[in-house]
Chemist: 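Could you have a look at this structure, given as structure tokens, before my questions?
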Amino acid sequence: MDFSTEITYSAEQEKFRQEVSVWLSENAQIPAEFKIPRETGDMSHELYNWVREYRKKLGAKGWLAPLWPSEYGGGGLSVDMAQVLEEELSKRKIPAIYDNRLAAPAMMVWGTEEQKQRFLPLINKGDVITWQAFTEPEVGSDAASITTSAVRDGDDFIINGTKVYIGGPFSADYIWTTAVTDQTSPRHRNLGAFYVPADLPGISFSDMELIVNVGKRFVYYDNVRVPGEYLVGGENQGWQVAQTSLEIEHGAGGSIGEGASRDGGVVAALFDYAQTAVDGAGNPLIEDPRIRDLLVEARIETHIVELIALRNYWMFNNQKRMTFHGSQNSLLRKLLAMKLGNIVLEVAGPYAMLNDSNWAPSRGVFESHQRQAITAHHPGGSSEIQKLIMARRLGLSRSKEEAAPTKVA
Amino acid sequence: MDFSTEITYSAEQEKFRQEVSVWLSENAQIPAEFKIPRETGDMSHELYNWVREYRKKLGAKGWLAPLWPSEYGGGGLSVDMAQVLEEELSKRKIPAIYDNRLAAPAMMVWGTEEQKQRFLPLINKGDVITWQAFTEPEVGSDAASITTSAVRDGDDFIINGTKVYIGGPFSADYIWTTAVTDQTSPRHRNLGAFYVPADLPGISFSDMELIVNVGKRFVYYDNVRVPGEYLVGGENQGWQVAQTSLEIEHGAGGSIGEGASRDGGVVAALFDYAQTAVDGAGNPLIEDPRIRDLLVEARIETHIVELIALRNYWMFNNQKRMTFHGSQNSLLRKLLAMKLGNIVLEVAGPYAMLNDSNWAPSRGVFESHQRQAITAHHPGGSSEIQKLIMARRLGLSRSKEEAAPTKVA
Amino acid sequence: MVDLGLTDAQEMLRNNAHRFVQDKCTREVVREIDESERGFSESLWKDISEIGWPSIVIDEQYGGMGSSLTDAGLLFEEMGWACMPSPLHSSSVLSALVLQQAGTADQRQHYLPLIADGNRIVAFAFSEPGYGWGPESIHTQANKVGDKYVVSGTKLFVPDAESADSYLLVARTRATDVSGSGLTLFIVDKEVPGIHVKEVSGWTGDKLYEIAIEDAILTEAQVVGEVNRGYEVLEPILDRGTALLCAYMLGGLQQMADMSVTYSQNRIAFGVPISTFQRVQDMIINIVNDLEAVRWTTYEALSMIDNGAREQDIAEAVSMAKIVASEGFTRGTENAHYVHGGVSVDMKYGLYLYTKKSRTLFSYLGDPAYHKKRVASLMFD
Amino acid sequence: MVDLGLTDAQEMLRNNAHRFVQDKCTREVVREIDESERGFSESLWKDISEIGWPSIVIDEQYGGMGSSLTDAGLLFEEMGWACMPSPLHSSSVLSALVLQQAGTADQRQHYLPLIADGNRIVAFAFSEPGYGWGPESIHTQANKVGDKYVVSGTKLFVPDAESADSYLLVARTRATDVSGSGLTLFIVDKEVPGIHVKEVSGWTGDKLYEIAIEDAILTEAQVVGEVNRGYEVLEPILDRGTALLCAYMLGGLQQMADMSVTYSQNRIAFGVPISTFQRVQDMIINIVNDLEAVRWTTYEALSMIDNGAREQDIAEAVSMAKIVASEGFTRGTENAHYVHGGVSVDMKYGLYLYTKKSRTLFSYLGDPAYHKKRVASLMFD
């Protein structure tokens, strides 16, 4: 076995790195006048537009979806080259913008060749922004119990209903959504999955005010006429299609290297705080055995999530049979966030809650994490949903199930 | 409010204490030749017989069931007097012997006057030993799913089936048991509760070997003919009758003073160990901040269970409406046992597992607790059953339910 | 002898308080106050002053109700249930008890009736950047120069400093020694030059402030109690304030149980109320277990104070209650978030008010680590 | 580059080992050994010696397999799955690695082939009454008198001491200093006067012994490695031994998952398999979460050793793995007891073998507190 994510790079890789680096030097320079926001939700419209254009340029080179076949807008790169690309990209601190690309793998598995040819390049090249809207206000985790309806009218569907989704700060081009296509069929055999153009008449939005500005909104479908070409996977396959998206969202794909815990830098900030702050009597926190234990626990719990993500990355990319693994990744990451929040509170006390420009450690990373740990608990399936899926995949439930198909090539 | 369990005693109480004390000096002296066992299960037959005789003497004075009416073999004492009695009794270290008296409150609620007159004095005066055998090998916590049958034959019932129970080291005079009296009725309306003489033909026993010698056994009913006079509460009321016993068993009655956690002295032993032992470098454990935290946690968790038991004691004796309270008491006590086991392991390391005459701290209290914490998790309803009942009583389940009736006077 | 019941008068007190907060301190009102500049509502303060709440623990001779701490605890429980923001705890408990206990006759005559009426708010300015609640955490210096004190230092995380008219200020007049003395208490009205109040922004349960003190000149008349013996006065008062804070947290946790039970009974998923799922039940059972632990440790601490137990036993009971309350309230909000799912982070729903309150009170008057050390000392040293 | 798969040879190794323990080391066999006087089975030891297990990490030149630690880990995983009692870990890992690493040519030639064949068992005698795994915990004195060493002290909690032919003995030849040196290693055959072995009775996962040493005379030929520099040899070997112990614990935890899944699928309550209850599912999910954490921290540590990572990084990875394994295995047995209910304490069923094993291995080679201190030192000092 080899856990090392360090690589001895081939000459070919180093040449490619050079190419990427030069390109990025020319194209990945954020104009100095843009302020980089503390939270994504606070991004200015100007910066947002700049990032979108930058992504289109990346997409044109196939570098937004490096592992995807080039015929569908991807880079057609090998894992080795994609790794180099990833490393170079991560050196530039370009803020992420919200683009839920989970429609793509589902389209790859379930779409017609025509749909793949048409939509995948749009998604993979960054030409469009997609938001995913499966759940509804009264639905929560029980995604099969949605009531938004899609009634066939000739070749079209008339969609009515209200969805809840989390999206970026501005607008989307497509909404990846589910609706009931057959009122008479049983659960899991009554849905359609639609890749809906966001500008169709009858679609409107309203914002929700959350404790983290993640752009959670309602979307209202009011007699929206959606042509049949936007239905992916057939009239009663929507549940299965959505599962492919969810499987990936839950973390089946895993990730490589540190940062798999997506902790927003809170552990680094914690170590930094503990190594610099003193207690009331003036003693360095780092000398307190209790604090040291808490720091080690933070390190271990984070590392476990990194290893689980690495396991998934390796399994996914080596076509191993995956069962509970995706949901476990998501579950552990969600639980980790709450644990880290508690550890930060124990170590930093009232400083854990500050975003004050004078007094907040690490520019308010603690405070932001406190809110985000809670907020991140629900999207993409709460920890309870992940447990439900794990139980099924472990063979404990009445309903046995396999992981949804996710292979794209 | 007043949490103090200390009392300013009345002259009447002090006079009674004097009487009790004198009586005990004469009757509660264990002959020096008996060895006091480390665990109840290891008691010698001679000591057991001595304790039974002693209990009969206590019972003759009504002091085995001091709060029960004297017409049913009790002492007819007030709570104040019973308190004094309890204090004096606890000063003498007479080993307990296993006598499950939970048939008595059920009989008081559900029995005919004739049954009460006949059986309650037997139980309350210590003339008989009763063991409770509700569950069965394949039944576990789902006590309603038993299969032992009681088929009416004239005025008698013919009982067949196998029960599992935990009893004392020697024998019982009666078995408090449930059986299916009506094969056609639905769950909870198909059982009878029987107070079965243990010497009826067709009853036999076999031992199970457990990690703690608590006397867990199988009892086999092989065409046992039980006269109808031993059926308590009518032919299809057995579930309800059993609930009264279980409600008390789960801890509705609570308890007063320290020791409510029934920890077998493990916390005292833990404090003693931590205050006397040293670590590898020769530093006293009691100076280690981590150890100090663990000790405080042990103290707090134990105290919470004491307070919950005190709450139940007060509610029970003041006729307050109780719902989830009995099960909560049992649940927290079971969880506490596991927590304390883990704390002992953290503090004492390999010493936690010793019963060695040279090396074991506190004569092996730790080791015995390790096994007992696990063993005590299941009898009287596992922690899962307590949660199930709590959920019902909190109004969370499909089936709503009230606590079973337990008032005896 | 054991009696865990409330008297009829206490039942009435609690019922009235409950009706009051239900009526005047709804979730919307609390959100509005929370988002206001000072985190303070004049009108709500006027309402609770009218019904006498700011006077609850002040002696009758100063216009107070002179109630028992258990009685006061019932009010705090209801305030916590509503998540009510107010300076009542710092002004009418901590500061008032200090003045009542150690103040000169003049100080008592002057301040206590005003505090009791709600006409004066006195913030309690103890904590500093190196956060802690023992005497060793106080570094603000008060140097005697002639018959004046020249005070410099930084108070941090002080609630209610902006809405206050005065501060009860804790400063060091002698270097630390083992006994923990060397602190002196001052009562300071707001207009003193050299004192600057500034909000410390964050996701905090109460608005918190920095009080920057730079060569502020105080007189001997402003000293409360004996010089250098401030912590001896403070320690038992901190215990009483902590016990009431626990009662507030108990109320907050009760609300978590109430909201979670109701929501889970009404929210349908997979065709049934989510309360019927064992996973959801277990979250609520965890809340109820924490709730009862907080309840009885808190009630015990309050009752020991009222019944005149030894200070050392009170200290242990209070510290245990605060450990249980800090952990239980924080965990309780976490469980409530799990029960509620996505709606739990919707600001309109308002659960977050309890979440951030629990995390602020987790540390206020000492976090579990502080109180565990204290209990260990009481038990083993 | 990342590769978390097993080679074909490794798959075969594991499958063979799995079949072996299924066949030769059933629950009944383990119970029998556990209840035997020495906790040791000659016949099982003969069987595993025949298939070469005692030689797994010994170099080929001494008749060993010279396998990687990852390969050895696969064997230990299967042994742990079966809860196999044997002196393999103390003799063929800890003691053998010490001899192989630091022994004289004579010592190596003499002992290693015998150990590899299973013809000699060498117990590893480190720990003492003030239990700990740092050098400061060693108080057994070896005083040089002429060209001899006079050794006195008490070794405690030593596994396999009764079935062993020799001991690898750690003693102090100089007072402690900061660097942790001052220890010297000795290889001692059993017949030496002044050494008395006595069982320490308890509910332990392996039989444990006291070795009372009273003026035992050892020669210079018995010294292994340099005088006073014993811990420098030991520390990396303890890490390797700990990593393999983690693999054993991983196997035990895998068994907890396997038994719990199977039992819950087959046990009917309320008319359905208990595996369909969310409460039971959550216990099993907790086991599986612990299992995967133990698996990957352990594999990472083993692979870092095999891939020649820096000793400091190995130390951190091993300590993290041991923390996770100690906590995970203990918690896993607890959850398995919950899943199984009453049958879990029936000795016939045999779950208790894992329970007591987990609690003994919790502390062996360092408990979580010890390894947390060590990780903190590596990270922050």
Chemist: Within the 4.5 Å heavy-atom criterion, are M379(C) and L295(B) side-chain neighbours or not?
Modeler: no

Chemist: In terms of heavy-atom proximity below 4.5 Å to chain B, should S264(C) be classed as side chain, backbone, both, or neither?
Modeler: side chain

Chemist: I need the minimum non-hydrogen distance between F3(B) and S303(C), along with the two atoms involved.
Modeler: CD1-OG, 3.3 Å

Chemist: Before giving the answer on side chain to side chain contact (heavy atoms under 4.5 Å, CB included), spell out for N289(C) and Q328(B) the whole-Å C-alpha distance, their side-chain angles and the decisive distance to 0.1 Å.
Modeler: CA-CA 7 Å; N289(C) 288 344; Q328(B) 188 181 44; 2.8 Å; yes

Chemist: Check whether I274(C) gets within reach of chain B through its side chain, its backbone, both or neither, counting any heavy atom under 4.5 Å.
Modeler: neither

Chemist: How far apart are the C-alpha atoms of E316(C) and R299(B), what are their side-chain angles, what is the distance that settles it, and do they pass the salt bridge (Lys or Arg N to Asp or Glu O under 4.0 Å) test?
Modeler: CA-CA 11 Å; E316(C) 189 180 334; R299(B) 162 97 172 104; 3.0 Å; yes

Chemist: Give, for atom CG of L307(B) and atom OH of Y299(C), the distance between the pair rounded to the nearest 0.5 Å.
Modeler: 12.5 Å

Chemist: Look at the side chain of E292(C) and the backbone N and O of I308(B), then say whether any donor-acceptor pair between them is shorter than 3.5 Å.
Modeler: no

Chemist: Can you tell me if CD on E12(B) sees more than 12 non-hydrogen neighbours from other groups inside 6.0 Å?
Modeler: no

Chemist: By a 4.5 Å heavy-atom criterion (distance strictly below it), what part of I323(C) contacts chain B: side chain, backbone, both, or neither?
Modeler: side chain

Chemist: Using non-hydrogen atoms and a 4.5 Å limit, figure out which bit of I304(B) sits close to chain C: side chain, backbone, both or neither.
Modeler: side chain

Chemist: Given a strict heavy-atom distance threshold of 4.5 Å, which part of V2(C) is in contact with chain B: side chain, backbone, both, or neither?
Modeler: both

Chemist: Mind ranking T7(C), I285(C), L4(C), T297(C) by heavy-atom pairs under 4.5 Å with chain B and telling me who comes out on top?
Modeler: L4(C)

Chemist: Measure distances from T70(C) to the heavy atoms of chain B and classify the residue's part below 4.5 Å as side chain, backbone, both or neither.
Modeler: side chain

Chemist: From S319(C) OG over to I300(B) CD1, what is the distance, rounded to the nearest 0.5 angstrom?
Modeler: 8.5 Å

Chemist: Where the side chain of D306(C) meets the backbone of M1(B), is there a donor-acceptor pair that is under 3.5 Å apart?
Modeler: no

Chemist: Give, as side chain, backbone, both or neither, the part of S377(C) having an atom under 4.5 angstrom from any heavy atom of chain B.
Modeler: both

Chemist: Rounded to the nearest 0.5 Å, what separation is found between the CG atom of L394(B) and the CD atom of Q265(C)?
Modeler: 9.0 Å

Chemist: For the atom pair CZ (F380(C)) and CZ (F271(B)), what is the distance rounded to the nearest 0.5 Å?
Modeler: 4.5 Å

Chemist: What residue in V261(C), L6(C), V288(C) has the most heavy-atom pairs under 4.5 Å with chain B?
Modeler: V288(C)

Chemist: So which of D381(C), V280(C), I284(C) has the biggest tally of heavy-atom pairs under 4.5 Å with chain B?
Modeler: D381(C)

Chemist: When heavy-atom pairs shorter than 4.5 Å are enumerated against chain C, which of D293(B), L335(B), L388(B) gives the highest number?
Modeler: D293(B)

Chemist: Measuring only between side-chain heavy atoms, which start at C-beta, is D2(B) closer than 4.5 Å to N307(C)?
Modeler: yes

Chemist: If we define contacts as heavy-atom pairs under 4.5 Å, which of K372(C), M320(C), Q281(C), E300(C) has the most with chain B?
Modeler: E300(C)

Chemist: Identify which of T276(C), V375(C), L302(C) forms the greatest number of heavy-atom pairs closer than 4.5 Å to chain B.
Modeler: T276(C)

Chemist: Need one label for E297(B): side chain, backbone, both or neither, based on atoms under 4.5 Å from any heavy atom in chain C.
Modeler: side chain

